[in-house]
Amino acid sequence: MTDKPRLRFAPSPTGYLHIGGVRTALFNWLWARKTGGAFVLRIEDTDQERSTPESRQIILDSLRWLGIDWDEGPEVGGAFGPYTQMERLAIYAEHAERLIREKKAYRCYCTKEELQAQREALKAKDPKAEFKYPGTCRDRADQPDRPYVVRFKTPSEGAVVYRDMVFGEVKTPNSAQQDFVLLRSDGIPLYNFGAVVDDITMGITLVARGRDHMVNTPPQIMLYEALGARLPGFAHLPMMLNQKGAKLGKRDGAVSVFEYRDAGFAPDAVLNYLVRFGWSHGDQEVFSKADLIQAFGWDACGRGDGKFDPKKFLAINHEHLKTSRLMGDDDYARSTLTFLEKREGLVGVSLERVKAAAFMIRERATTFVDAAERLDFVFRDEPVFDADAVKKTLTAEAVPRLQGLIGCLEPAAEWTEAALEKAVTDHVAGSGQAMKDVAAPARVALTGKTASPGLFQVMFVLGRDATLGRLRKAAAIAGGA
RNA sequence: GGCCCCAUCGUCUAGCGGUUAGGACAUCGGCCUCUCACGUCGGUAACGCGGGUUCAAUUCCCGCUGGGGUCGCCA
């Protein structure tokens with residue numbers, strides 16, 4: 001084994017990939033990429049009630065969409081596999097047996113029901129009291145032929161102290177712990193045990209995860225020690241909270257990666273927004289993926305929880321969409337294309353045409369959904385007219401203005417943005433009109449809306465025939481035809 | 001309630017003893033302008049409270065208050 005860092009992301013396949021999970025994956029991934037270490041993906045599917053194959057696939061697809069690739073894990077393999085916990089049951093059993101043999105763990109025959117009854121009895125007596133497993137089976141010598149769980153013999157004295165890479169020294173008294181369960185009665189491990197055994201056997205050197213896991217670290221450290229394993233580093237990340245300041249959950253609007261994908265966000269923009277939760281780099285707000293790998297470090301991680309802000313997220317996405325350094329023209333066109341293809345009734349949509357038209361909406365569109373909508377008029381035989389816009393601008397007095405414009409454009413020798421602008425500007429000035437009076441009906445004629453890209457860009461992209469055709473049609477509408 | 005953690009503009013944050021407390025998003029004005037944007041100029045807006053330590057605290061220490069996490073045969 002080398003001394004290169006080995007990090008992991010270990011989601012449970014119980015639903016969509018949550019953006020909080022993405023943030024965790026991202027920090028691990030960034031550090032692995034920065035250091036040349038390994039990023040391991042492990043599926044923790046030991047919750048048989050909630051884990052589904054569909055969810056597992058969603059997680060893999062989400063990470064791939066984000067561009068977070070794993071060096072070892074599902075569909076990739078690796079020397080420390082399998083990377084799915086339900087395929088590692090024998091490994092957990094073996095480790096549990098060893099702990100039992102060494103008297104560091106024991107078989108507990110108390111049933112779930114018995115424990116639940118004890119829990120409720122205590123609650124009835126003292127609602128504030130904390131229930132702890134009383135150690136009923138801790139020292140029993142017999143081995144009845146009944147189902148049992150394996151419990152860890154937690155030391156009651158002393159404390160666990162560790163140095164967290166972002167929070168510094170954390171000290172927890174052992175009295176806060178109890179004899180927690182390692183293995184269920186069906187032989188499936190519980191989180192702390194499964195995670196530790198895997199992290200040991202997979203050679204994980206740094207565990208970075210959300211702060212909600214901080215409470216798991218002391219018992220996990222006890223397990224490392226009991227198993228005689230070398231301790232990894234620990235880095236806990238502050239929480240992402242909703243706007244009300246509570247843990248981000250399903251009720252808090254878009255929280256799954258796919259919702260952002262479907263809303264037309266760029267993967268790098270998602271990473272850019274999420275990385276700023278708990279990490280900063282001076283005053284820099286905008287980062288490409290390469291920037292992040294270059295700049296990331298644990299030193300610059302903060303400890304305060306953050307509240308999710310959809311507005312800033314959108315702004316960061318907008319920044320990524322309009323900046324060619326962050327997203328190349330080809331990628332931009334390809335993404336826009338996929339959203340155009342979802343729209344009904346469009347004609348002539350092709351990557352080439354999208355690429356040729358995209359320049360006029362890039363600085364305007366905040367998402368790819370927005371981009372597709374702004375480009376909609378380009379890919380129709382006739383624009384979709386906004387009724388209010390027509391009523392407001394295609395009036396009787398617009399008729400001569402449109403006709404004048406048509407007259408000025410018909411003889412145009414050169415159909416370029418600059419030539420069109422000059423021709424129209426000269427025509428408007430020469431006829432004593434105001435540009436806005438001519439532009440307003442022309443805009444609605446060409447795009448169907450009162451808001452659009454620059455008029456001359458629109459004319460250029462539409463081309464001579466479509467431009468003149470739309471203007472004539474609008475003149476007819478305005479004339480009451 | 002026990003244990004753990006946190007605390008700078010509304011939000012994300014910079015700050016690592018001496019600053020007019022900076023940036024970004026949001027917000028409010030102005031400019032630009034064929035609309036919408038972009039861009040640009042400017043404004044409003046923060047160190048939770050109380051003790052220490054120090055010549056000097058946003059910064060270091062303690063307490064308080066406030067907030068969050070977690071207390072399962074979930075992860």
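Chain letters run A, B, ... following the sequence lines, proteins first, then strands; residues in each count from 1. Predicted model, so just to flag it, every value in this text is computed and none were measured.
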*Quick one: label K449(A) by what it contacts on the DNA or RNA (base, sugar-phosphate, nothing), any heavy atom closer than 4.0 Å.*
nothing
*Scan K307(A) against the nucleic acid and name what it touches under 4.0 Å (heavy atoms): base, sugar-phosphate only, or nothing.*
sugar-phosphate
*Let me know the distance between CZ of R163(A) and C1' of C5(B), rounded to the nearest Å.*
15 Å
*Would you mind classifying the nucleic acid contact of S452(A) as base, sugar-phosphate or nothing, using non-hydrogen atoms under 4.0 angstrom?*
base
_Quick test of your reading of the model: are E97(A) and R107(A) salt-bridged, counting only N-O distances below 4.0 Å?_
yes
*Just checking G278(A): base, sugar-phosphate only, or nothing, at a heavy-atom cut-off of under 4.0 Å?*
sugar-phosphate
*Write down the distance between CG (D212(A)) and C1' (C74(B)), rounded to a whole number of angstrom.*
13 Å
*Could you check whether K322(A) gets within reach of a base, just the sugar-phosphate, or nothing at all, counting any heavy atom under 4.0 Å?*
sugar-phosphate
*Report the nucleotide, chosen from C25(B), G68(B), C34(B), that has the shortest atom-to-atom distance to any side-chain atom of F456(A).*
C34(B)
*Identify the nucleotide, in any strand shown, that forms a Watson-Crick or G-U wobble pair with U53(B), with both distances under 3.5 Å; if there is none, say none.*
none
_Proximal nucleotide (of C4(B), A24(B), C74(B)) relative to the R184(A) side chain_ = C74(B)
*What's the NZ-P distance between K132(A) and U70(B), to the nearest Å?*
19 Å
*Does the D179(A) side chain pair with the main chain of G135(A), one donor and one acceptor, at a distance under 3.5 Å?*
no
*Looking at C5(B), does its base get a donor-acceptor pair with the side chain of R303(A) below 3.5 Å?*
no
*At under 4.0 Å between heavy atoms, what does A440(A) touch on the DNA or RNA strands: base, sugar-phosphate, or nothing?*
nothing
*Between C3(B), C34(B), C73(B), which one does the side chain of M435(A) approach most closely?*
C34(B)
*Electrostatic pair D370(A)-R364(A), nearest N-O below 4.0 angstrom*: no
*Using only side-chain N and O atoms of T450(A), determine if any of them is under 4.0 Å from OP1 or OP2 of U35(B).*
no
*asked:* Whether the side chain of R119(A) and the base of G72(B) hold a donor-acceptor pair under 3.5 Å is what I'd like checked.
replied: no
*Sticking with atom P, work out how far A45(B) lies from G22(B), rounded to a whole angstrom.*
12 Å
*Sugar-phosphate only, base, or nothing, as touched by C110(A) at under 4.0 Å among non-hydrogen atoms*: base
*Can you tell me how far P of U33(B) sits from CZ of R443(A), to the nearest Å?*
15 Å
*Rounded distance (Å) that lies between atom P of G72(B) and atom CG of N216(A)*: 12 Å
*asked:* Suppose you measure atom C1' in U44(B) against the same atom in C9(B); what distance do you get, rounded to whole Å?
replied: 10 Å
_Given RNA chain B, 5'-ward residue of the pair Q177(A) and H281(A), judged by closest heavy atom_ = Q177(A)
*Thinking salt bridges, do D268(A) and K289(A) make one under a 4.0 Å N-O criterion?*
yes
*Whom does C25(B) pair with, Watson-Crick or G-U wobble, provided both distances fall under 3.5 Å?*
G10(B)
*Counting side-chain heavy atoms from C-beta on, which of C3(B), C12(B), G68(B) comes nearest to A176(A)?*
C3(B)
*Which part of the nucleic acid, if any, lies within contact of L190(A), taking any heavy atom under 4.0 Å across all strands shown: a base, the sugar-phosphate backbone alone, or nothing?*
sugar-phosphate
*Calculate the interatomic distance between N192(A) atom CG and C73(B) atom P; express it in whole Å.*
12 Å
*asked:* Over all strands shown, is G302(A) touching base, sugar-phosphate only, or nothing at heavy-atom distances under 4.0 angstrom?
replied: nothing
_At less than 3.5 Å, do the side-chain atoms of K311(A) and the base atoms of A26(B) form a donor-acceptor pair?_
no
*Under 4.0 angstrom, heavy atoms only, what part of the nucleic acid is F277(A) near: base, sugar-phosphate, or nothing?*
sugar-phosphate
*asked:* In whole Å, measure the gap between the P atoms of A21(B) and G48(B) for me.
replied: 15 Å
*Relative to the 5' end of RNA chain B, which residue comes earlier, D283(A) or I188(A), by the nucleotide with the nearest heavy atom?*
D283(A)
*asked:* Any strand counts, and the cut-off is 3.5 Å on both contacts for Watson-Crick or G-U wobble. Which nucleotide pairs with A37(B)?
replied: none
*Same-atom distance (P) from U20(B) to G63(B), integer angstrom*: 33 Å
*When the C1' atoms of C49(B) and G67(B) are considered, how many whole Å apart are they?*
15 Å
*Is the side chain of D198(A) donor-acceptor paired with the backbone N or O of A195(A) at a distance under 3.5 Å, no angle test?*
no
*Taking only the side-chain heavy atoms of V149(A) (C-beta and beyond), determine which of C73(B), U11(B), C74(B) contains the nearest atom.*
C73(B)
*Who does G2(B) pair with, Watson-Crick or G-U, both distances under 3.5 Å?*
U70(B)
*Select base, sugar-phosphate, or nothing to describe what S185(A) touches, counting heavy atoms under 4.0 Å on all strands.*
base
*Quick one: does E225(A)'s side chain have a donor or acceptor within less than 3.5 Å of a partner on M222(A)'s backbone?*
no
*Picking from I43(A), L26(A), V40(A), L63(A), what satisfies side chain to side chain contact (heavy atoms under 4.5 Å, CB included) with F9(A)?*
L63(A)
*Heavy atoms under 4.0 Å, any strand shown: does D126(A) hit a base, just sugar-phosphate, or nothing?*
nothing
*Given C38(B), C25(B), G68(B), the nucleotide with the shortest approach to the side chain of E363(A)*: C38(B)
*Do any side-chain nitrogens or oxygens of T217(A) fall under 4.0 Å of OP1 or OP2 in C4(B)?*
no
*Describe the nucleic acid contact of V181(A) in one word from base, sugar-phosphate, nothing, applying a heavy-atom distance below 4.0 Å.*
sugar-phosphate
*asked:* For F234(A), does the six-membered ring have the charged nitrogen or CZ of R163(A) within the cation-pi criterion, i.e. under 6.0 angstrom from the centroid and within 45° of the normal?
replied: no
*Would you mind telling me which of G39(B), C34(B), C71(B) lies closest to the side-chain atoms of L455(A)?*
C34(B)
_Which nucleotide in C25(B), U70(B), C34(B) has an atom nearest any side-chain atom of K436(A)_ = C34(B)
*For P11(A), which contact category applies under a 4.0 Å heavy-atom criterion: base, sugar-phosphate, or nothing?*
nothing
*To the side chain of E130(A), which of G2(B), A75(B), U35(B) is closest?*
G2(B)
_Whole angstrom value for the distance that separates C1' of A37(B) from CD of Q457(A)_ = 11 Å
*Inter-nucleotide P distance (C12(B), C47(B)), Å rounded*: 16 Å
*Rounding to the closest angstrom, what is the interatomic distance between G52(B) and U13(B) at atom C1'?*
29 Å
*Nearest-nucleotide pick for H318(A), side chain only, options being U35(B), C73(B), C38(B)*: C38(B)
*So is R276(A) actually on top of Y273(A)'s ring, under 6.0 Å and inside 45° of the axis?*
no
*Could you state the OH-P distance from Y191(A) to G72(B), rounded to the nearest angstrom?*
16 Å
*With S288(A), which of Q294(A), R325(A), M327(A) fulfils side chain to side chain contact (heavy atoms under 4.5 Å, CB included)?*
R325(A)
